[in-house]
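Structure first, then comments.
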Amino acid sequence: MMIPAMTPEGAHPLATTVARLVWLLPLLPLLGFLINGTLAMLGVAKVGPADPSAGHDEHAHAAHTGGHDDHAHHAPTRHKFAGIVSLIGPGVLIAAFGLAVACFLAMRGVEMEHPYIVTLYQWMPVGDLNLAATFQLDQLSMVMVLVVTGVGTLIHVFSVGYMQEDPGYPRYFAYLNLFIFFMLILVLGGNYPLLFVGWEGVGLCSYLLIGFWFSEKANADAGKKAFIVNRIGDFGFLVAMFLMFANLGALDFGNVAAKAAELPMGGVMATTICLFLFLGCAGKSAQIPLYVWLPDAMAGPTPVSALIHAATMVTAGVYLIARSATLFSMAPTAQLVVALVGGLTAFFAATIGLKQWDIKKVLAYSTVSQLGYMFVAVGVGAYVAGIFHLVTHAFFKALLFLGSGSVIYAMHAAYHATHKHDDAQDMRNMGGLRKFMPVTFYLMWIATLAIAGIPFFSGFFSKDEILGSVFARAHGSTLADASLLGVPGGTILMLIYGLGLASALMTAIYMTRMMLYTFHGPNRTGEAERPHLAEAPWIMTGPLVVLGALSLVGGWLNVPALLGAIGPVGVLDHWLEPVVGEAALRTTLGAAPHMTHETELMLVGVAIAIATAGIAFAVWRLKPAALVAKKDAVAPQGIDRILENKYFVDEGYDKGIVQPTLDVSRVVLWKGLDTGIIDGLFVNGSALLARAIGWMGSQLQTGQVGTYAWVLLIGVITLLGAFTFR
Amino acid sequence: MTAFLSSINYSAWIVPVLLLLPAFGAVGLLAHARLSAGDAADKRWREARLLALAFFVAEAILSLGLWWSVDPAVAGWQAAVDLPWIPQWGIRFTVGLDGISMTLVLLTTLLMPLVILGSWTSIRSKVHSYYALLMLLTVGMLGVFVSLDLVLFYVMWEIMLVPMYLIIGVWGGERRLYASLKFFIYTMVGSLLMLVAILYLGSEASRVLGSPTFSYDFILNNVRLDPTTTLWLFGAFALAFAVKVPMFPFHTWLPDAHVEAPTAGSVILAAIMLKMGTFGFIRFALPLFPSAAMNPAVRTFMVTLAVIGIVYGALVALVQPDFKKLVAYSSVSHLGFVMLGIFALTVESMQGALMVTINHGVSTGALFLLIGMIYERRHTRMIADYGGIAKVVPIFATILTIVCLSSIGVPGTNGFIGEFLVLVGSYKTQPLATIIAATSVVFAAAYMLWALQRIIYNPMTKPENEGLKDLNWREIGLMVPLLIAILWLGVYPKPLLDKTEPAARRLVESVQTAAARTPARATNGAR
Amino acid sequence: MLVEALALSAVLFTIGVIGVLTRRNAIIIFMCVELMLNAVNLSFVALSTLHGATGQVFVVFTMTVAAAEAAVGLAIIIAIFRHTQTVNLQNINILKG
Amino acid sequence: MQVNQFHSLFYAFTFYFFGLVAIASAIAFVTRKSPVAAAVWLVLVMFSLAALYVMLDAQFIGAIQVLVYTGAIMVVFLFVIMLLNLGNPSELADARGKWGYLAALLIGLVMLAEVMALTRSNTIDRMIPPDLAAKAAAAAAAPLAGGVIGPIAAPLFNEYLLAFELTSVLLLAAIVGAVVLSKRRTNAR
């Protein structure tokens with residue numbers, strides 16, 4: 001590996017610290033991927049015979065008929081490479097996390113005005129485009145690196161237990177390591193194209209991991225859907241990059257920000273770039289209208305849902321907007337769009353979450369909803385609040401997913417023990433699990449209270465900061481002065497605030513509902529299965545405990561001034577100030593957002609009231625005891641039916657976009673235009689024409705010499721006539 | 001390396017040798033066919049394929065020196081040779097390389113051994129003729145890339161056609177006669193107008209020079225035509241190249257030819273022969289007729305066709321039941337990117353077009369090789385006949401996935417670099433077209449992943465697939481270089497970009513300055 | 001006498017043409033062709049009084065060709081007759097594709 | 001003078017006589033049903049033409065007209081007719097009918113008219129390049145040196161030597177062709 005050349009940034013204070021090894025960060029998981037991937041191939045591959053065209057081998061036939069229904073959880077034994085994979089998979093992550101922490105400490109030790117940029121090599125030096133593979137280490141990417149490697153490590157450890165009996169064990173860790181590699185490229189990349197490499201790379205890993213159990217069509221479908229929907233977003237990202245290159249003449253973060261600041265405030269160019277960037281974010285971070293892939297992505301193994309589809313990858317959009325803060329701060333209209341879409345998504349997904357029965361689907365819609373909050377935050381220019389919520393959400397949502405994974409693991413084990421085939425993820429088949437898995441139970445309640453926004457749990461701080469920021473920017477900001485489709489920005493911000501409150505209420509309700517149905521009331525799993533329900537092993541509950549602790553104290557990262565009594569105020573604010581501070585100030589017209597103490601207190605009060613009310617309402621209204629198991633449940637009616645079926649959006653997309661595209665392609669373009677008009681009419685048509693003329697000519701040929709003589713003579717006469725009479 | 005090459009005077013003889021070696025190989029094979037007539041069929045077959053492989057490996061090794069000996073920064077032709085051929089008509093054997101043609105020559109010579117290995121066991125009838133034709137084809141293909149005399153170029157251009165016609169027609173699938181005839185006539189009709197244009201250019205050049213000549217350099221530097229003539233000549237050249245590329249709507253020979261051709265034929269068609277068309281635009285149509293190429297109407301027209309090809313190819317690929325056909329239509333889409341890059345005429349887009357050219361050769365070549373491998377086992381190309389085979393053939397599935405991702409243009413693979421450069425460069429001059437073209441990232445993912453899912457994922461429903469055997473060492477071995485190329489070009493494309501950059505820059509600049517020299521009436525004429 | 005000779009040539013040629021058109025017998029048609037050749041020869045010779053002996057050279061050539069033609073043509077007629085037992089051209093249409 | 005006048009009158013008479021004989025026997029030739037009769041009438045046409053050649057100062061041509069045409073070619077014709085036993089004309093009565101005759105006559109007359117019109121107009125003059133015409137006129141004006149055969153032989157073996165040689169090849173080919181074609185294929189039976 002080449003040691004980065006001495007670039008002008010070589011004089012950077014970090015250059016002499018451990019941070020110069022930043023290129024090692026993504027390399028570690030890549031190494032893990034290579035080793036695990038090789039092991040995975042060695043485990044399954046059986047090289048074919050030299051001559052493949054020889055007839056089918058009967059032995060091979062017999063050997064594979066048995067392997068037909070070896071669904072992951074039914075496989076009896078551990079993989080033969082399980083030991084070494086369990087060492088390397090999480091091992092590289094731990095090493096990476098250690099390095100990240102070391103970098104973090106190094107960073108705290110120096111005074112950093114500019115980001116630390118490490119140039120690895122010239123990547124695409126073409127024409128005016130002088131793209132290098134550079135890593136940019138600054139406060140923002142440091143936060144992300146810590147979250148990715150930290151939460152990633154925990155989830156890797158959890159996976160060792162969760163996936164231990166899966167025949168694809170090495171493959172799983174290979175994918176997971178690859179994901180971390182790309183995620184680190186995403187957050188460390190020093191220019192938009194390199195970020196895009198990570199951006200698509202994580203999408204690829206998401207695709208591979210969602211479809212991890214590819215023998216079931218639904219899983220493979222979900223993976224494909226995720227990738228394709230993400231690609232719609234990526235299209236936006238690409239166009240945004242083209243616009244940047246053509247109009248700003250650069251693609252690296254520093255120059256883009258510098259050039260963006262020179263653009264006219266609220267101009268068309270900045271707005272267009274931002275909107276296209278946001279399309280990319282909407283795809284990756286599952287915002288309306290591209291959120292549909294995320295619930296389906298739950299087809300993957302549950303730790304994957306925790307890592308990729310809750311804690312890290314889906315928040316990449318938030319990171320991207322924070323990263324492009326300068327650009328966005330020049331385009332208030334685009335910011336309003338971001339915030340409004342975020343608010344609508346938060347609200348919309350929360351309503352769906354109210355009526356889901358699959359425990360992971362509830363969490364999936366909850367994730368979509370929380371991502372909406374983050375976009376509200378970065379939309380209104382409260383970048384720190386967005387990143388703050390990103391971090392706390394990573395803690396409590398990873399905990400929730402891993403907890404649900406633990407539940408599903410127990411359910412599976414129970415069903416497996418009695419050879420019963422039922423839905424291990426449906427809450428109607430659970431109930432009363434607190435008795436069987438108390439650790440999971442308590443930890444998940446912590447996470448639930450955190451996400452609901454009960455005071456002093458982590459989610460309370462971050463969510464409160466978001467709502468407060470929205471409220472504060474309704475007056476005296478570039479947003480309030482801008483307007484969207486004629487509606488003044490202030491009005492829209494108040495609407496978003498309302499949506500945020502409503503979503504908070506619903507969040508509290510559906511999360512309580514999930515907890516009640518899963519852990520409280522009588523058990524509905526089945527008489528035979530009940531004795532087999534048990535807590536997961538410590539390798540799985542261990543990470544849960546760590547995440548539980550983080551969910552509890554995560555809020556202390558950024559304590560608001562109002563609660564200054566309980567700890568240091570605004571740590572994250574200060575930390576991120578060099579990166580996003582200027583942009584945030586531009587949105588708030590140069591002044592820190594100012595609210596009176598009373599207003600602030602009132603806002604906090606409202607938020608607390610709403611969270612408590614939601615939980616109380618759920619406890620009062622829902623009767624876990626009255627619930628019946630899934631197989632006995634009756635189909636819902638009316639609004640319940642619409643909610644349970646997610647507003648029929650998937651069906652709508654299918655009928656409205658997917659099928660018409662396929663039909664038009666098949667009937668009009670392929671059969672009609674391609675084989676019909678171009679090939680049939682023009683190509684084969686001209687051949688047919690030539691043949692027809694030839695046929696007509698052949699009809700003249702009678703074989704009668706006499707006839708030929710006549711024709712000849714007529715020709716002679718005509719020619720002579722032409723000479724004579726000209 | 002450079003010192004060693006100059007010590008053996010490498011660049012003085014390499015190009016003729018590269019052209020002659022396969023020709024000798026063809027003769028050698030036919031001689032072997034005669035000499036071994038009495039031997040057992042199996043023995044003859046084995047010897048013939050070994051002989052062919054030996055020739056192509058020798059060719060590949062010989063050609064490797066070009067990477068070092070051709071200095072892209074030098075403006076003139078390198079490794080140039082100029083011999084009289086038909087002196088009465090001023091036709092000369094003039095050959096030479098620049099950075100662009102050097103990479104394409106290397107692509108050809110390096111791919112050919114893999115092609116031979118790819119059809120190592122699948123071709124068993126008339127093997128001698130088969131390999132001899134492949135060698136003849138190589139002569140033609142290399143000849144097109146190195147020719148600097150218009151007549152020589154035309155001869156090489158047509159030489160390619162015959163072996164490919166026979167390869168499809170003799171060793172092809174069920175509808176091989178239809179496909180081969182269609183391929184032949186389609187391409188032939190396209191190139192005849194080019195012949196007329198070449199003769200016209202030759203006569204003009206001869207008028208200027210005073211003695212007959214068809215020299216590319218002379219025509220490039222000395223022949224000045226009026227705008228209307230330029231437009232017509234450009235049209236004649238463009239038609240020939242557009243058929244070969246193939247641009248929408250001249251693409252319908254491609255799916256048939258691809259589907260019916262044997263594996264080697266498909267690979268060569270996709271990886272190299274389609275590149276003749278784009279290379280023709282880069283080497284001939286643009287520099288010789290800059291005012292026509294820069295004419296806004298012409299450019300808009302070509303870019304529109306390119307964009308239609310991109311989106312249309314992707315959409316039609318979406319609904320193909322036959323995997324080879326799907327890949328064929330995806331080629332239409334990819335080559336559309338090349339055309340967009342060429343006619344956007346920025347250094348970035350031109351470089352991107354060249355990257356896509358190479359990438360498409362690598363990825364689509366690999367795809368066709370893989371299809372050939374699985375076809376050899378299951379004797380079907382229908383996507384619906386597979387499903388869930390990742391369980392039984394994991395190596396195949398892994399390689400297929402990587403190659404598909406490269407074809408989609410996932411970052412980290414070569415496909416991304418090319419598409420990104422084309423788009424980012426084209427946006428400067430053709431913003432709307434670029435945005436429409438960029439939508440194909442969605443469609444590309446859709447058709448490729450959907451097909452991938454239906455082939456290697458999903459439940460295994462067909463009992464015939466359960467006994468499938470995975471790739472053997474030969475097949476793995478021949479895929480490895482392609483996989484390395486996919487990743488290397490995706491992660492560190494700089495060496496390749498450096499090789500083509502000066503030539504691409506010169507091309508863009510020369511077209512722009514030359515077009516600026518002859519303004520006015522060209523635009524009026526087209527309106 | 002030049003004009004008369006040319007006129008005679010034209011008349012003979014026309015008669016030959018009419019013969020070709022109206023007759024069925026392959027041999028007679030053949031002879032009609034010979035007549036036409038003779039007519040042309042006549043005009044060659046007539047014009048050679050004006051333009052020198054070159055015209056007569058061509059007559060020699062014409063005669064040679066006529067001889068060759070007669071040899072091959074009659075051989076063909078014999079071959080066909082052996083095959084079909086007729087020289088009626090209406091019954092001979094093997095030229096038809 | 002007297003002699004010359006008489007000579008020219010006699011010349012004209014003879015010329016017209018042979019011309020009329022030629023036309024008449026040609027008409028007779030095309031209208032005979034019997035091939036043998038037709039062939040004999042054609043022989044008469046050729047004799048007349050030979051006479052005319054001689055009168056047009058082409059004695060050599062007249063001689064070989066008699067030798068080659070009448071003596072060789074027409075004899076071959078007759079020989080074939082006899083050989084194939086085609087003397088009986090009944091089966092080959094004309095099948096074209098009256099309209100066929102009329103149409104043929106019409107076409108013939110139209111052609112004749114056109115040729116006449118063409119000779120009357122100066123089209124032909126325009127079709128001949130002027131330098132060639134001048135050269136030809138000079139050649140015609142020159143006295144016939146070398147007797148009767150010399151003027152023919154000179155261009156034949158100088159200017160047209162290649163054509164002459166090719167004719168010999170043609171004749172050879174014709175001989176071989178004739179032998180091959182008329183050979184009875186014994187192994188086919």
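Numbered from 1 within each chain, the chains take letters A, B, ... in sequence-line order.
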- Task: Check D/Ile73 against C/Ala66 and note the closest heavy-atom contact, atom names and distance.
- Result: CD1-C, 4.2 Å
- Message: Under a plain distance cut-off of 3.5 Å, with no hydrogens placed, do D/Gln65 and C/Asn41 share a side-chain donor-acceptor pair?
- Response: no
- Item | Largest heavy-atom contact set with chain D, pairs under 4.5 Å, which of C/Gly16, C/Gly55, C/Ala10 | C/Ala10
- Item | Close side-chain approach of D/Leu156 to C/Phe61, heavy-atom, < 4.5 Å | yes
- Message: Among C/Ile28, C/Thr22, C/Ile15, exactly one meets side-chain contact (heavy atoms from CB on, under 4.5 Å) together with D/Val30. Which residue is that?
- Response: C/Ile15
- Does a side-chain heavy-atom distance below 4.5 Å link D/Ile61 with C/Val60? yes
- Atom group of D/Ala154 that falls short of 4.5 Å from chain C, counting heavy atoms: neither
- Separation of D/Thr167 OG1 from C/Met63 CE (nearest 0.5 Å): 13.5 Å
- Engaged part of C/Glu69 at the chain D interface, taking heavy atoms whose separation is under 4.5 Å: neither
Please table the atom pairs, donor to acceptor, closer than 3.5 Å between any side-chain atom in residues 41-52 of chain D and protein atoms at least two apart or in another chain.
from    : atom 1 : to      : atom 2 : distance (Å)
D/Ser48 : OG     : D/Leu44 : O      : 2.8

- Task: Indicate the atoms forming the closest heavy-atom contact of C/Ile18 with D/Ala104, along with that distance.
- Result: CG1-O, 3.5 Å
- C/Leu12 versus chain D, heavy atoms under 4.5 Å apart: side chain, backbone, both or neither? side chain
- More than 12 heavy atoms of other residues, nucleotides or ligands under 6.0 Å from CZ of D/Phe157: is that the case? yes
- Evaluate the side-chain proximity of C/Val11 to D/Leu112: yes if any heavy-atom separation is below 4.5 Å, no if none is. yes
- Message: Side chains of C/Ile77 and D/Leu84, heavy atoms from C-beta outward: is any pair under 4.5 Å?
- Response: yes
- If you look at every heavy atom in D/Asp57 and C/Gln56, which pair is closest and at what distance? O-NE2, 3.9 Å
- Message: Only pairs of heavy atoms separated by less than 4.5 Å count here; which of C/Asn38, C/Val65, C/Leu37, C/Thr54 has the most with chain D?
- Response: C/Asn38
- Of the listed D/Val176, D/Leu109, D/Ile152, the one with the largest count of heavy-atom pairs under 4.5 Å with chain C is D/Ile152
- Taking all heavy atoms of C/Cys32 and all of D/Phe29, pick out the closest pair and write down the distance. N-CZ, 3.6 Å
- Can C/Ile78 and D/Val80 be said to form a side chain to side chain contact (heavy atoms under 4.5 Å, CB included), step by step? CA-CA 8 Å; C/Ile78 292 172; D/Val80 170; 4.2 Å; yes
- Nearest-0.5 Å distance, CD1 of residue C/Ile76 to CG of residue D/Leu181: 5.5 Å
- Of the non-hydrogen atoms in C/Thr14 and D/Gly108, which two are nearest, and what is the gap between them? CG2-O, 2.9 Å
- Choice from D/Leu171, D/Leu172, D/Val179 maximising heavy atom contacts with chain C below 4.5 Å: D/Leu171
- Which bit of D/Phe164 is near chain C, if near means a heavy-atom gap under 4.5 Å: side chain, backbone, both or neither? both
- Do you know which two heavy atoms are closest between D/Ala38 and C/Met31, and how far apart they sit? CB-CE, 4.2 Å
- Query: With chain C, which of D/Phe79, D/Tyr160, D/Tyr69, D/Phe60 has the greatest number of heavy-atom pairs at distances under 4.5 Å?
  - Reply: D/Tyr69
- If you count heavy-atom pairs under 4.5 Å between each of D/Ile23, D/Leu83, D/Leu20, D/Ile175 and chain C, which one has the most? D/Ile23
- Message: With heavy-atom distances below 4.5 Å as the criterion, would you say the side chains of C/Leu42 and D/Tyr53 are in contact?
- Response: yes
- Item | Which atoms of D/Ala163 approach chain C - backbone, side chain, both or neither, heavy atom under 4.5 Å | both
